[in-house]
Amino acid sequence: MQAAFFIIAALIVIGGLAAMLVRKLVHAVLWLMVTLASLAALFLLLGAQFVGFAQILVYVGAVAILIVFAILLTRNSEWAKAGRLASPSWLVGVGIAGLATGCLIASILASSIPPGVPVPPAASVADIGQKLMTEYVLPLEAVGLLLTAAMIGAVIIAMPEDKRG
Amino acid sequence: MIPLKAYLVLSALLFGIGLAGALSRRNAIMVLIGIELMLNAANLNFIAFWRFHPGTEPLAGVMFVLFSIAIAAGEAAVGLALIIAIYRHYKTTNLDRMDSLKG
Amino acid sequence: MTFMAMITCLPHMLLLANPDEWLVRLKQTIVHWLPGPWQFVISSLITIAVLIAVFGALFAVATLIERKGLGRIQNRPGPNRVGPYGVLQPMADAVKMLIKEDVVPRAADRVVHFLAPLVLVAPVMLAFSVIPYGQGLVPINLDAGVLFFFAVGAASELAVFMAGWSGHNKYSLLGAMRAIAQMISYEIPLVLSTVTVVMMVGSLSLVQIVAAQGGYWWGVIPRWNIFAPWGLAGFVVFMIAAIAESNRSPFDLPEGESEIIAGFLTEYSGFKYAVFFMGEYFGMFAISGLAITLFLGGWHAPLPYLGWVPSFLWFFGKLFIFLFVFIWLRGTLPRLRMDQLMNYAWKCLLPLALINIGVAVIWRFTAGWPGPLRWLVCALLIVLAFVWLEKTWMKSRELKPRTYHYAS
Amino acid sequence: MLGEGIIKGMVETARNFFGSYHDPARFVTIQYPEQRVPLKENNRNFPFLVFDGADTEKGLRCVACKICEKECPPQCIYIVPERDAHGKLQKHPKIFDIDISTCMSCQICVEVCPFDAIKMDQEFELSTGDRFSNLLLHKQDLAKPNDYYHKIHPTEATLVDAQLAKERQLAAQRKAGAGAAPASPPKHAPEKLVPVG
Amino acid sequence: MVDLVRDDKGRPLPLGLEQSASIPQMPSELLEVSMGPHHPSTHGVFRMDVVLDGETVTRLKPVFGYLHRNHEKIAEKTSYIGSMPYTDRLDYFCSMTNNWAYALAVEKLVGLAPPDRAEYIRIITAELTRLQNHACLVGFLLQDMGAMGTPLMYAFREREKILDLFESLSGSRMMCNYMRFGGCRVDLPPGWLEQARRVVADFPQFLDEFEALLTGNEILMARTQGIGVLSKELAVNASVTGPMLRASGVNYDVRKVDGYGFYPRFDFRVPLGDHGDCYDRLMIRLLEMRESLKILEAALRDIPTGPILNPKSKLRNFKPNPGEAYGRIEAPKGELGFYLISDGSVSPLRYRVRPPSLINLTILEDMCLGHSVADVVVILGSVDIVLGEVDR
């Protein structure tokens with residue numbers, strides 16, 4: 001169990017860094033997918049099976065293709081010009097991010113959290129289904145509505161002007 | 001047994017990387033990838049807390065993550081559509097050039 | 001001493017238990033006298049080895065069957081030079097693929113070009129780990145088996161894109177775009193038709209779905225899902241979407257060789273091409289394995305008194321039937337055009353799948369009615385939907401065979 | 001019904017699939033090296049020179065009249081007539097080459113040859129290693145006995161033999177009848193009518 | 001020194017590639033694709049420069065000439081009989097009809113009339129050629145649509161029987177060189193007529209099988225109906241001939257118009273389409289095959305005996321008196337014509353072939369505009385070109 005956690009954690013951090021630093025956009029997306037897939041593995045390690053598979057299905061299956069299509073449509077996949085990768089004020093951005101993570105980690109380490117429950121609580125598909133249909137019905141419908149709205153909006157925005165009519 | 005803190009530190013690190021990327025990169029799509037990373041860092045926290053401190057409402061963490069994944073997918077779709085529309089107007093996705101509010 | 005124990009319990013195990021347990025018991029005997037912590041690792045290694053061996057051999061046999069089947073359809077014998085009746089042809093192909101030079105175009109993106117075949121084959125291998133092949137023979141019994149299958153299956157689109165984009169070639173990019181658009185639009189009818197089965201059985205775990213299809217109506221007709229009206233319609237939609245998902249026959253547009261050379265496979269040769277080829281076949285096995293589990297009662301025997309036959313033989317028998325149907329389709333039907341493909345998925349399969357879910361609901365709530373009446377009502381609904389769909393789809397294109405007049 | 005045409009097509013291929021096992025009309029492949037299709041009698045490939053009797057040199061019917069060399073569309077025949085000690089033309093070729101890499105086996109040389117000296121062979125397994133020298137057939141490679149001609153084109157060969165026998169007998173008669181007058185060899189009708197069967 | 005375009009690692013890119021590497025000069029979404037010359041579905045060495053806007057074709061430039069063998073210039077140097085074997089190589093699917101067209105032209109030039117038996121043999125061989133050419137065409141068209149060669153194999157199975165007939169008659173399966181000016185070279189070998197009657201008798205069964213595979217098939221109808229529509233006016237103006245013209249509804253069949261050979265003696269009908277799209281062209285060819293079968297049955301039934309070559313026909317130093325002639329026949333692909341000018345010498349002064357495939361090909365672009373890449377392949381297939389005839 002120990003070894004598994006450290007391998008996956010290393011994968012996540014390396015993947016995240018590479019996704020941010022690599023020059024070509026398509027490589028960045030592939031590194032992003034490595035991070036998200038290893039994150040899903042972490043969820044499985046933590047016992048949340050349903051979430052792990054949902055994460056793979058949504059991110060590796062759909063969002064990856066979405067981003068890649070966006071890259072192709074905006075012709076970014078051509079040879080990256082030599083130019084600067086980061087915006088001139090990249091130092092400021094990284095500084096703020098470093099500051100934020102620093103405080104977060106400091107507060108986590110300082111806090112005293114009682115030891116957790118040894119065995120992972122039951123998260124079988126049946127209970128999730130039960131919960132979704134009873135307690136969380138309103139959020140479910142809301143998300144359904146939101147997704148359809150997002151889809152229609154995305155289609156209209158991406159539609160070329162002349163066809164918008 | 002991996003303590004809860006390890007997961008929290010990991011998610012904080014991931015969040016930091018996402019934030020650094022989103023703030024520093026010039027390309028709009030890279031900013032979007034940074035945001036995706038930050039969202040997933042948050043999901044990791046939810047599942048970590050669900051695993052170690054289920055508390056009274058056992059499945060709350062899992063539910064939250066499910067909904068957040070759904071919304072993140074919707075958000076990615078709309079975000080990319082925006083980028084395409086902006087690209088069609090500005091002919092570039094370089095964020096520094098997108099400073100004028102006109103048009 | 002342990003060796004002696006092994007010898008004594010072997011005959012007992014072979015004779016008494018029915019053949020399914022025979023395999024499971026064999027694995028357990030190997031595993032149980034290993035040191036503690038290693039047991040889990042070794043047993044999973046055995047399963048993985050068996051899976052790869054079985055499906056590797058099936059892939060070799062499938063290529064031979066495909067070429068001989070296509071040959072026979074076209075009134076010619078198919079390969080019969082290498083070995084008696086061409087049996088060693090897969091070996092020859094394998095050696096040819098290994099020897100051929102693996103050309104990587106100079107402008108290609110080397111890393112992505114190398115990774116694409118792996119990212120295509122690995123997920124499909126994972127998908128094999130969930131399908132129940134026999135009585136106790138399911139590699140991993142996940143209670144969200146169906147979701148795992150589709151989650152892993154979705155990664156193949158990314159692999160197809162990597163293959164198409166990395167070659168920096170107009171044709172492969174065009175082919176990759178077509179393949180992705182096709183896979184995404186056919187994933188929805190696929191998932192929806194699976195939803196009907198999951199809804200009726202009430203569980204996402206494939207083992208339970210197969211268990212629910214045991215038993216026989218009136219002692220003769222097996223209780224498979226395909227014999228229910230919603231099951232038949234679901235099976236038809238599932239199979240059409242499955243054929244499209246594995247880029248086979250009428251939907252093999254991505255490698256529409258008559259138009260854009262070999263689609264996203266244009267830049268591949270040698271071993272990587274063989275891996276893609278293998279990936280396509282594994283995709284076909286996985287999707288037909290799922291179809292067998294969902295609709296054709298997995299490893300259940302079609303007739304009650306055939307129960308003594310080992311259950312995995314039924315599974316692989318049905319798999320061979322599916323394989324033959326794939327080949328049969330490939331030998332007969334011309335290819336659909338890209339926009340027709342899309343229209344067909346969104347305007348024909350999707351409504352049919354949704355209506356099928358409606359019919360399944362009606363089937364569920366008319367449990368009280370006598371058997372035949374219930375069957376009739378649901379069947380009628382589906383036929384109505386089918387005819388209405390045909391009218392709108394065909395009328396909008398007025399596709400009908402024409403009659404011709406002769407000059408005076 | 002929507003799928004009806006497709007099903008009809010599938011039934012058709014299924015009939016061919018199962019037909020190929022029992023109905024010979026639906027299984028037409030001939031495994032070439034082991035089984036062979038019997039060649040039709042009229043089949044023609046590259047030309048060859050016919051010689052009567054045993055001696056390949058003297059028995060050649062060809063009199064080096066060079067008609068075929070002139071008439072051959074791709075001009076792939078090369079003839080040099082024999083000359084005796086003091087340069088007088090002889091009635092048989094010293095060199096008779098056919099470049100079978102250019103020859104398109106159109107059989108016009110056979111039609112125009114007044115002496116039935118050149119006929120079409122049925123030998124088609126002619127693959128060689130070298131493109132140049134092996135594909136230029138000389139007089140020795142081209143010459144084949146008359147009974148080989150009988151073996152490949154039986155009806156045509158018998159007709160030709162009958163014709164030749166008649167002419168030889170006619171020539172002998174004229175020579176005998178005319179006595180002292182020197183009779184020039186009888187001239188053949190220019191066209192070669194080969195009514196067959 | 002041309003400044004080479006370098007990729008990000010600084011390596012110069014091969015010349016052909018920089019166009020796609022840098023932002024292409026054309027408007028961004030247009031894609032220039034060249035299909036051919038060795039493209040799997042162009043029926044020979046033929047190239048099409050297609051400009052695509054996404055999937056639809058905006059410009060299409062056919063490029064041919066890869067198989068040009070200078071046939072007409074060579075014919076001016078060879079004797080009349082010398083270019084007869086070369087006519088086999090024009091449309092290498094139908095050598096008998098090519099021979100007949102050339103023989104007809106020379107007979108018109110000289111005024112020779114072949115005996116009856118030769119005329120019958122010419123009609124029989126021409127109709128047999130039409131059968132196997134149309135069968136192959138339908139097979140290749142379905143192959144282009146992706147039917148993995150099954151219909152093509154069935155067509156070739158039937159074609160073999162007909163080629164065996166040609167081999168036993170003329171000596172070679174595809175390069176027959178069988179017709180002579182004023183008749184045929186060799187008479188029918190014994191047993192040929194019975195074999196021909198048997199082939200013609202079981203051909204309809206193959207046609208029914210073929211139609212079972214084709215007519216009702218929804219995918220085929222979806223792929224061919226309404227694709228590559230050719231209007232009547234454009235067809236007539238572009239002097240398109242053959243099944244393509246009749247599929248657009250124009251009633252023009254040289255066999256009926258000219259009535260050359262003994263065709264007026266046979267009653268056969270000329271099928272006409274009314275949409276002029278790929279589906280019509282496909283079906284017209286199938287119906288024409290049935291008409292040819294009718295002609296063949298009649299011809300094989302009452303073929304007279306008698307000589308096969310007009311005694312006045314000359315083979316060597318054949319010097320027709322000066323003049324010109326244009327002989328044309330209804331070849332399977334369209335109206336195949338030979339225009340000869342003779343100046344009294346052994347070889348013609350001018351030897352011109354009217355190639356139906358080339359003339360039918362000139363309007364490929366008008367038919368393909370607005371369709372997708374997959375349709376371009378189907379439309380090209382339905383035009384039925386053979387590059388030997390297009391390039392001569």
Side-chain angles (χ1 to χ4, degrees), chain D residues 1-17 19-20 25-30 37-45 67-68 70-75 103-114 120-122 124 153 155-156 189-197, chain E residues 74-75 78-79 81-86 88-89 147 150-151 153-154 156-158 160-161 164-173 175-177 180 185-192 202 205-206 208-221 307-309 311 313-317:
Chain D
M1 209 270 286
L2 189 58
E4 191 227 344
I6 293 175
I7 292 166
K8 241 187 337 167
M10 301 285 284
V11 161
E12 198 44 53
T13 27
R15 175 181 304 134
N16 273 301
F17 177 76
S20 72
R26 294 191 190 283
F27 188 67
V28 288
T29 320
I30 288 168
V37 174
L39 283 179
K40 305 288 181 300
E41 205 224 312
N42 272 353
N43 182 291
R44 52 181 159 86
N45 203 347
I67 288 179
C68 55
K70 196 153 61 59
E71 285 299 327
C72 171
Q75 303 290 322
C103 169
M104 56 182 180
S105 68
C106 65
Q107 186 252 6
I108 282 191
C109 48
V110 172
E111 278 185 73
V112 293
C113 173
M120 296 308 274
D121 199 345
Q122 292 192 342
F124 58 89
H153 299 298
T155 46
E156 197 186 319
E191 295 82 8
K192 190 88 280 348
L193 288 184
V194 184
V196 172
Chain E
I74 292 172
T78 24
S79 65
I81 191 62
S83 29
M84 177 62 88
Y86 287 122
D88 300 337
R89 271 83 179 168
T150 317
M153 287 299 166
Y154 297 158
F156 268 54
R157 179 188 68 200
E158 297 309 316
E160 283 311 314
K161 295 179 193 157
D164 285 348
L165 286 177
F166 287 160
E167 183 183 359
S168 58
L169 177 62
S170 70
S172 154
R173 293 154 49 87
M175 303 294 150
C176 304
N177 181 15
R180 288 294 172 265
R185 171 163 57 88
V186 175
D187 203 339
L188 303 180
W192 194 84
D202 56 30
Q205 192 233 349
F206 154 73
D208 305 339
E209 267 181 34
F210 231 44
E211 256 151 33
L213 258 177
L214 295 180
T215 39
N217 192 325
E218 283 77 8
I219 298 179
L220 180 102
M221 288 200 289
I308 50 151
L309 193 61
S313 103
K314 256 165 77 75
L315 204 59
R316 285 179 48 240
N317 47 49

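So you know, we letter chains A, B, ... as the sequences are listed, proteins then strands, and number each from 1.
- Each of D:Ile6, D:Leu39, D:Ile108, D:Asn16 has some count of heavy-atom pairs under 4.5 Å with chain E, and the biggest count is that of D:Asn16.
- Of the N and O atoms on the side chains of E:Asn177 and D:Gln107, not one donor lies less than 3.5 Å from an acceptor on the other residue.
- Looking at E:Asp164, the atoms closer than 4.5 Å to chain D (heavy atoms on both sides) sit in the backbone and in the side chain alike.
- Atom CE of D:Met120 sits about 9.5 Å away from atom OG of E:Ser172, to the nearest 0.5 Å.
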### Message
Pair E:Glu209, D:Arg26 - check salt bridge (Lys or Arg N to Asp or Glu O under 4.0 Å), show working.
### Response
CA-CA 12 Å; E:Glu209 267 181 34; D:Arg26 294 191 190 283; 2.8 Å; yes

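- E:Arg316 CZ to D:Cys68 SG: the interatomic distance, rounded to the nearest 0.5 Å, is 10.0 Å.
- You'll find the side chain of D:Asn42 reaches within 4.5 Å of the side chain of E:Val186, heavy atoms only.
- Judged by distance alone, the side chain of E:Asn217 and the main-chain N or O of D:Gly5 form no donor-acceptor pair under 3.5 Å.
- The choice from D:Lys8, D:Gln122, D:Met104, D:Gln75 that makes the most heavy-atom pairs within less than 4.5 Å of chain E is D:Met104.
- At a threshold of 4.5 Å between non-hydrogen side-chain atoms, the residues D:Glu12 and E:Phe210 do not count as touching.
- Using a cutoff of 4.0 Å between basic side-chain nitrogens and carboxylate oxygens, D:Arg44 and E:Glu167 are not scored as salt-bridged.
- There is no contact between E:Arg173 and chain D, counting heavy-atom distances below 4.5 Å.
- No other option in E:Ser168, E:Gly82, E:Gly216 has as many heavy-atom pairs under 4.5 Å with chain D as E:Ser168.
- Among the candidates D:Pro74, D:Cys72, D:Ala25, D:Pro73, the residue making the largest number of heavy-atom pairs closer than 4.5 Å to chain E is D:Pro73.
- Neither the backbone nor the side chain of E:Ser83 comes within contact range of chain D; no heavy atoms are under 4.5 Å apart.
- Using a 4.5 Å heavy-atom cutoff, the side chains of E:Thr150 and D:Phe17 are not in contact.
- In this structure, OG in D:Ser105 is found 9.0 Å from CE in E:Met175, a value given to the nearest 0.5 Å.
- With a threshold of 4.5 angstrom between heavy atoms, E:Thr78 approaches chain D through side-chain atoms but not through N, CA, C or O.
- Only the side chain of E:Gln205 comes within less than 4.5 Å of a heavy atom of chain D; its backbone N, CA, C and O stay farther away.
- A salt bridge is defined here as a Lys NZ or Arg NE, NH1 or NH2 lying under 4.0 Å from an Asp or Glu carboxylate O, and D:Glu111 with E:Arg180 meets this definition.
- Contact annotation for E:Leu169: only backbone heavy atoms (N, CA, C, O) come within less than 4.5 Å of a heavy atom of chain D.
- Here the side chains of E:Pro189 and D:Glu41 are not in contact, with every heavy-atom distance at 4.5 Å or above.
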